[in-house]
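These notes concern the structure reproduced below.
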Amino acid sequence: MATAIPDRSKVLNGLETLVIGTVGGLLFLWAELPGGLISGAMVAVGIAALAGRPLAVPAVLTQSVLLLLGISLGSLMSQQLLQHMSSYPLTIGLLALATFCSTFGSSLYLQRIHGWDQTSAFLAGSPGALSQITILAAEKGADVAAIAVVQTMRVIILTAALPLVLALTGVTHAAPPPLPTSVASPFGLVALVALSIGVSLLLRWIKFPASWMFGAMLASSLLHGSGLVDGGLPPWLRNVALVGIGAIIGTRFARMKTSTLLSHVNAGLGSFAIAILISAVFVAVIGFTTHVRLADVVVAFAPGAMDAMLALALTLHIDPIFVGAHHLSRFLFVTISTPGIIHLFGRPQDDVDD
């Protein structure tokens, strides 16, 4: 799964990361906070990373966590989850429009209020596809550190706050899709893992985004939807995946200095607020005009990382098919459209004072 076996220091860093994440996740779970395993692991690892610990998750472990997450999401496949597929074209179209509006709204805020150049502002305002955004920022001479802070803050805030907001507002109370209560047979578990790895490698070969998670999700959906496998992963293994995702998100802070974070915190909070307000308008429109559960729409339109939002869909019992289709659509929209938007509207950092 990985091209090279990580050396001893990376293994120790990975173990330390997982231990810290597990402690944080269990603490939040003990406090009965919604999505506690994910948000607790993320917060604990993030704090430790900012404190100077060299935390990281080796590639092979990251791929394993995404594979387990995908299998768990696919095990939720049922006819009930497919009943709103007729609304997908409408909601995905509105999601593309919401992404366009929030990107320009956040960009305008960063330029007018914080004096950012156009290129950096557009890239910071683009929700998701952080790897592609970072590469494009480096190529265009944009402020990579500032963009990373704004993008990371958006993911961290959403992952920590979204479960609490949904719980406090009661949005998740309406008939959530149940998690599998039974564990698949040993043969079923082997089939799930084997087919998930095979499909993931195929998707990776064709350069499909988030191939490990979506490959496993597709394989698991096929096996469960066809009735060949009954039951899901053991609950403890599913919980390991949730803690792992939270820890992976938290390690983003290990790549930035505290001074860099503090210098851009206001820009991050302000642009996040603009993006949320614009997304909320579209969520309200869909909530009043369709029969899709409001909780599904909220998580599908949340401008956060695809893996984090799908993990929240799993732990909050939200339709993973709907959420996955929309976040994948936004990833593709951002990846395809952002270079063109930067070419038309952006300016390199060096040209700001011209």
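It should be emphasised that the depicted structure is a prediction, and the values quoted were computed from it without experimental measurement.
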Report task. Kindly determine whether Leu158 and Ile276 satisfy side chain to side chain contact (heavy atoms under 4.5 Å, CB included), including the steps that lead there. Result -> CA-CA 10 Å; Leu158 276 174; Ile276 288 298; 3.9 Å; yes
Report task. State the CD1-CG distance between Ile38 and Leu316, to the nearest 0.5 angstrom. Result -> 7.0 Å
Query raised in the report: Side chains of Pro127 and Thr99: closer than 4.5 Å at any heavy-atom pair?
Result: yes
Query - Polar side-chain atom of Gln118 near backbone of Gln111 as donor-acceptor pair, under 3.5 Å - result: no
Requested in this report: State yes or no: do Val281 and Val298 share one hydrophobic cluster built from I, L, V, M, F, W and Y residues joined by side-chain heavy-atom distances below 4.5 Å, directly or via other members?
Outcome: no
**Report entry** Connected via hydrophobic side-chain network under 4.5 Å: Leu12 and Val45
**Finding:** no
Query raised in the report: Is Pro303 close to Ser279 at the side-chain level, that is, under 4.5 Å between some pair of heavy atoms?
Result: yes
Query raised in the report: Any side-chain heavy-atom pair from Val57 and Val65 closer than 4.5 angstrom?
Result: no
Requested in this report: For the pair His224 (side chain) and Ser220 (backbone), establish whether a donor and an acceptor sit closer than 3.5 Å, ignoring hydrogens and angles.
Outcome: yes
Query raised in the report: Does Val150 share a hydrophobic cluster with Leu277, counting links as ILVMFWY side-chain heavy atoms below 4.5 Å and allowing steps through other members?
Result: no
Query - Heavy-atom side-chain contact between Ile133 and Val334 under 4.5 Å - result: yes
Requested in this report: Grab the two heavy atoms, one from Met309 and one from Leu162, that are nearest each other, plus how far apart they are.
Outcome: SD-CD2, 4.1 Å
Report summary line: dist Asp230:CG -> Ser75:OG (nearest 0.5 Å) comes out at 10.5 Å
Query raised in the report: Short question: side chain of Thr315, backbone of Leu312 - any donor-acceptor pair under 3.5 Å?
Result: no
Report task. Evaluate the side chain to side chain contact (heavy atoms under 4.5 Å, CB included) criterion for residues Met217 and Ile321: first the C-alpha distance (whole Å), next the side-chain angles of each, then the deciding distance (0.1 Å), finally the verdict. Result -> CA-CA 9 Å; Met217 184 176 174; Ile321 309 301; 3.9 Å; yes
Query - Whether Ser106 side chain and Ser271 backbone form a donor-acceptor pair below 3.5 Å - result: yes
Report task. Please report the closest heavy-atom contact between Thr260 and Ala145, naming both atoms and the distance. Result -> CG2-CB, 3.9 Å
Query - Transitive ILVMFWY side-chain link Leu164 to Leu166, under 4.5 Å - result: yes
Query raised in the report: Going through the checks in order, is the side chain to side chain contact (heavy atoms under 4.5 Å, CB included) test met by Arg238 and Leu314?
Result: CA-CA 9 Å; Arg238 189 167 56 220; Leu314 174 64; 3.9 Å; yes
Query raised in the report: Got Ser120 and Leu110 here, is their nearest side-chain heavy-atom distance under 4.5 Å?
Result: no
Report task. Indicate if Met42 and Ile245 have the same hydrophobic cluster label, given that clusters are the connected sets of ILVMFWY residues with side-chain heavy-atom separations under 4.5 angstrom. Result -> yes
Query raised in the report: How long is the gap from CZ on Phe288 to CG on Leu294, to the nearest 0.5 Å?
Result: 9.0 Å
Report summary line: Closest non-hydrogen atoms of Leu37 and Leu26, given as atom of the first, atom of the second and distance, are CD2-N, 4.4 Å
Requested in this report: Please answer whether the main-chain N or O of Ala56 pairs with a side-chain N or O of Thr17 as donor and acceptor at a distance below 3.5 Å.
Outcome: yes
Requested in this report: Verify side chain to side chain contact (heavy atoms under 4.5 Å, CB included) between Phe282 and Cys101, making sure each step is shown before the conclusion.
Outcome: CA-CA 10 Å; Phe282 286 87; Cys101 293; 4.2 Å; yes
Query - Contact check, side chains of Leu201 and Trp212, non-hydrogen atoms, under 4.5 Å - result: yes
Report task. Report the distance from atom CZ of Phe272 to atom CD1 of Ile157, rounding to the nearest 0.5 Å. Result -> 5.0 Å
Report summary line: What one should report as the nearest heavy-atom pair of His264 and Val149 is CB-CG1, 3.7 Å
Query raised in the report: Below 6.0 angstrom between ring centroids: does that apply to His326 and Phe322?
Result: yes
Query raised in the report: What heavy-atom pair brings Leu310 and Pro320 nearest, and what distance separates the two atoms?
Result: CD2-O, 3.8 Å
Requested in this report: Evaluate the side-chain proximity of Ile156 to Phe253: yes if any heavy-atom separation is below 4.5 Å, no if none is.
Outcome: yes
Query raised in the report: Can you tell if the side chain of Phe333 reaches within under 4.5 Å of the side chain of Ile92, non-hydrogen atoms only?
Result: no
Query raised in the report: Once you round to the nearest 0.5 Å, how far does CG of Leu66 lie from OG of Ser196?
Result: 12.0 Å
Report task. Look only at the side chain of Thr251 and the backbone of Ala254, and say whether a donor-acceptor pair between them is shorter than 3.5 Å. Result -> no
**Report entry** Under 3.5 Å donor-acceptor, Asp319 side chain and Asp296 backbone
**Finding:** no
**Report entry** Taking every non-hydrogen atom, the tightest pair across Leu55 and Ala48
**Finding:** CD1-CB, 3.6 Å
Report task. Find the distance between CH2 (Trp116) and CZ (Phe122) and round it off to the nearest 0.5 Å. Result -> 13.0 Å
